[in-house]
**Q** 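Below is the structure I would like to discuss, written out as structure tokens.
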Number of protein chains: 2
Amino acid sequence: MSEILSAGSIEGVVRKDVPERVISRLPIYLQAVETIAAIGQTTVSSETLAAQSGVSPAILRKDLSQLGRSGRRGVGYSAQDLAATLRSFLGLDRAQNVAIIGAGRLGSALADYAGFQRRGLRLTAIFDSDEGKVGTTIGDLTVSAIADLATWADPIDLVVMAVPASAAPAAARIAAEAGVRGILNFAPTVLDTPETVRVQQVDLASELQVLAYYSALETATATPVEEHSN
Amino acid sequence: MSEILSAGSIEGVVRKDVPERVISRLPIYLQAVETIAAIGQTTVSSETLAAQSGVSPAILRKDLSQLGRSGRRGVGYSAQDLAATLRSFLGLDRAQNVAIIGAGRLGSALADYAGFQRRGLRLTAIFDSDEGKVGTTIGDLTVSAIADLATWADPIDLVVMAVPASAAPAAARIAAEAGVRGILNFAPTVLDTPETVRVQQVDLASELQVLAYYSALETATATPVEEHSN
DNA sequence: ACGTGTGAATGGATTCACAGCC
DNA sequence: GGCTGTGAATCCATTCACACGT
């Protein structure tokens with residue numbers, strides 16, 4: 001039934017309708033296969049790669065089969081080819097321009113942190129609304145006024161939002177108007193943006209609270225009765 | 001299969017077997033209902049709360065019904081009661097002790113960032129393996145040697161791991177041995193820990209790469225042939 | 001013989017729609 | 001009349017198991 005539903009073809013890679021769940025695992029596979037390639041391994045089996053990625057071999061094969069066939073039966077996947085396919089599929093072969101909004105402690109930390117460049121992303125600007133911070137430098141970037149984002153010369157694809165919750169909606173609106181395509185939001189606020197802008201939420205407290213639940217759960221169950229676990 | 005999945009009762013709140021998906025949404029509801037309560041609203045409907053949380057009303061009702069009934073038909077949910085129920089269910093009524101491992105830029109930023117205290121979490125320690133950093137202060141905490149974690153007096157429930165990928169596995173092992181129950185891992189590495197330690201992964205690059213996919217997808221479908229903008 | 005690719009089967013999660021209570 | 005709580009239906013995701021290429 002599912003023929004090709006939506007198809008933009010871009011540099012030879014056909015993008016079918018792939019569920020978000022699958023997409024969100026691809027960067028992990030990419031990370032894993034890159035480390036494997038770095039060790040000098042030329043091929044890798046679904047079993048090994050799945051273990052490195054923390055998923056089951058079956059789901060890894062099913063996921064990868066959706067990007068067009070990339071493995072060889074009886075052999076495995078070519079590490080080089082698979083990495084290239086994943087990068088291409090994720091749209092990383094021409095580096096995405098990333099800007100950070102918020103030059104506070106978190107923003108500056110994120111600017112350093114993570115091999116942006118090594119992972120197909122190019123950090124091109126940092127913005128802040130605080131006049132005092134504009135003009136200071138972080139790494140090799142100069143902080144710009146957030147108002148300048150609207151008329152920024154080099155088009156910005158993605159934004160990392162590292163501002164307080166109160167400032168986030170306004171910043172998001174400016175970003176959306178500037179044609180930004182995605183926002184990674186560290187502020188604990190649901191941003192409502194136009195359809196064209198995708199928002200990915202990262203909330204430190206929420207994630208810790210999930211862990212807190214399991215922590216408290218274990219404490220509670222550990223005490224009462226012995227549990228015949230396997 | 002396993003029938004007694006888990007049933008620890010803790011301060012009156014019965015913890016049934018609730019799927020992880022549901023658990024991961026509860027902190028968002030909590031955040032939303034707290035802001036609503038802060039404005040002085042005393043009750044809230046599933047429709048409003050769902051909109052604030054970015055989910056459908058149906059799923060919100062189903063989620064909340066799993067914590068025992070807490071809403072009134074024809075009226076909605078009491079903001080105060082619901083917040084209390086959620087906090088209790090998540091194990092936040094006695095604050096969880098949180099430690100940060102890694103006193104680099106990210107670690108120090110995270111130490112400031114987020115109203116830990118206000119959200120049921122108590123940041124009690126920061127560790128680093130760098131001798132040079134031990135003894136320095138961040139906020140009102142003094143950085144300790146990571147070796148001290150093993151014999152730390154005040155038991156630590158959760159750890160935020162803000163170290164380079166190469167240092168993460170060793171740090172995780174120390175944390176696990178110290179009886180830590182959960183790790184929020186900012187390093188792009190799959191940590192394999194004993195059953196007792198839950199790991200939640202936060203990978204900046206992966207999340208951006210997911211956004212990159214949709215960014216490139218839009219670009220491809222929106223401008224089929226022409227590619228040079230600006 | 002090995003390991004991918006994939007239909008079929010299973011298992012969950014979300015949505016629907018309405019009964020039941022305020 | 002309004003809004004929750006919840007079975008039933010639908011939709012989606014994962015696992016199984018094996019045919020097929022190398």
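Chain identifiers are assigned alphabetically (A, B, ...) following the order of the sequence lines, protein sequences preceding nucleic acid strands; residue numbering begins at 1 within each chain.
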**Q** When all nucleic acid strands are considered with a 4.0 Å heavy-atom cut-off, which category describes A/Thr48: base, sugar-phosphate, or nothing?
**A**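 No contact.
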**Q** Need one value for B/Pro19: base, sugar-phosphate or nothing, where a base atom within 4.0 Å counts as base even if backbone is also close, heavy atoms only.
**A**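 Sugar-phosphate: the residue B/Pro19, judged by heavy atoms under 4.0 Å, touches backbone atoms but no base.
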**Q** Looking at the side chain of A/Lys62, which of C/dT14, C/dT4, C/dA8 is the nearest nucleotide?
**A**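 Per side-chain heavy atoms of A/Lys62, the pick is C/dA8.
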**Q** Any side-chain heavy atom of B/Leu90 sitting closer than 4.5 Å to one from B/Gln96?
**A** no
**Q** Any donor-acceptor pair under 3.5 Å joining the side chain of B/Arg72 to the base of C/dC22?
**A** no
**Q** Under a 3.5 Å cutoff, is there a donor and acceptor pairing between the side chains of B/Ser88 and B/Thr85?
**A**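 No pair is found: no donor N or O on one side chain lies under 3.5 Å from an acceptor on the other.
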**Q** Whole Å only: how far is the CZ atom of B/Arg73 from the P atom of C/dC22?
**A** 8 Å
**Q** Would you mind telling me which of D/dT15, D/dG5, C/dC16 lies closest to the side-chain atoms of B/Ser65?
**A**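 Given the options D/dT15, D/dG5, C/dC16, the side chain of B/Ser65 is closest to D/dG5.
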**Q** Please report, rounded to the nearest Å, how far the P atom of C/dG5 is from the CG atom of A/Leu64.
**A** 8 Å
**Q** Would the distance check show the side chain of B/Asp63 and the main-chain N or O of B/Val22 forming a donor-acceptor pair, the cut-off being under 3.5 Å?
**A**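 Checking the backbone N and O of B/Val22 against the side chain of B/Asp63, no donor-acceptor pair under 3.5 Å is found.
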**Q** Look only at the side chain of A/Gln201 and the backbone of A/Thr189, and say whether a donor-acceptor pair between them is shorter than 3.5 Å.
**A**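 Such a contact is found between A/Gln201 side chain and A/Thr189 backbone.
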**Q** Could you state the CD1-C1' distance from B/Ile59 to D/dT10, rounded to the nearest angstrom?
**A** 14 Å
**Q** Hey, which sits more toward the 5' end of DNA chain D by its nearest nucleotide, A/Val22 or A/Val75?
**A**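 Upstream on the strand: A/Val22.
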**Q** Are OP1 or OP2 of D/dC3 and a side-chain N or O of B/Ser46 less than 4.0 angstrom apart?
**A** no
**Q** Write down the distance between CG (A/Asp63) and P (D/dC12), rounded to a whole number of angstrom.
**A**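 Checked: the CG to P distance equals 16 Å.
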**Q** Less than 4.5 Å apart, any side-chain heavy atom of B/Leu211 and any of B/Glu207?
**A**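 When only atoms from C-beta onward are counted, B/Glu207 and B/Leu211 do not touch, as no gap falls below 4.5 Å.
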**Q** Over how many whole Å does the gap from A/Leu60 atom CG to C/dG5 atom P extend?
**A**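 Rounded to whole Å, this separation is 10 Å.
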**Q** Between D/dT4 atom P and B/Glu47 atom CD, what is the distance in whole Å?
**A** 9 Å
**Q** State whether A/Ser45 places a side-chain N or O below 4.0 Å from either non-bridging phosphate oxygen (OP1 or OP2) of C/dG3.
**A** no
**Q** Under 4.0 Å between any heavy atoms, over every strand shown, what does B/Ser70 touch: base, sugar-phosphate, or nothing? Just pick one.
**A** sugar-phosphate
**Q** Roughly how many Å is it from CD1 in B/Ile23 to C1' in C/dG12, rounded to a whole number?
**A** 16 Å
**Q** Rounded to whole Å, how long is the line connecting atom CG of B/Leu49 with atom C1' of D/dG2?
**A**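 The distance from CG of B/Leu49 to C1' of D/dG2 comes to 17 Å, rounded to the nearest Å.
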**Q** Nearest of C/dT6, D/dG5, C/dT4 to any side-chain atom of A/Tyr77?
**A** C/dT4
**Q** Looking for any heavy atom pair under 4.0 Å, which part of the strands does A/Arg61 touch: base, sugar-phosphate only, or nothing?
**A** base
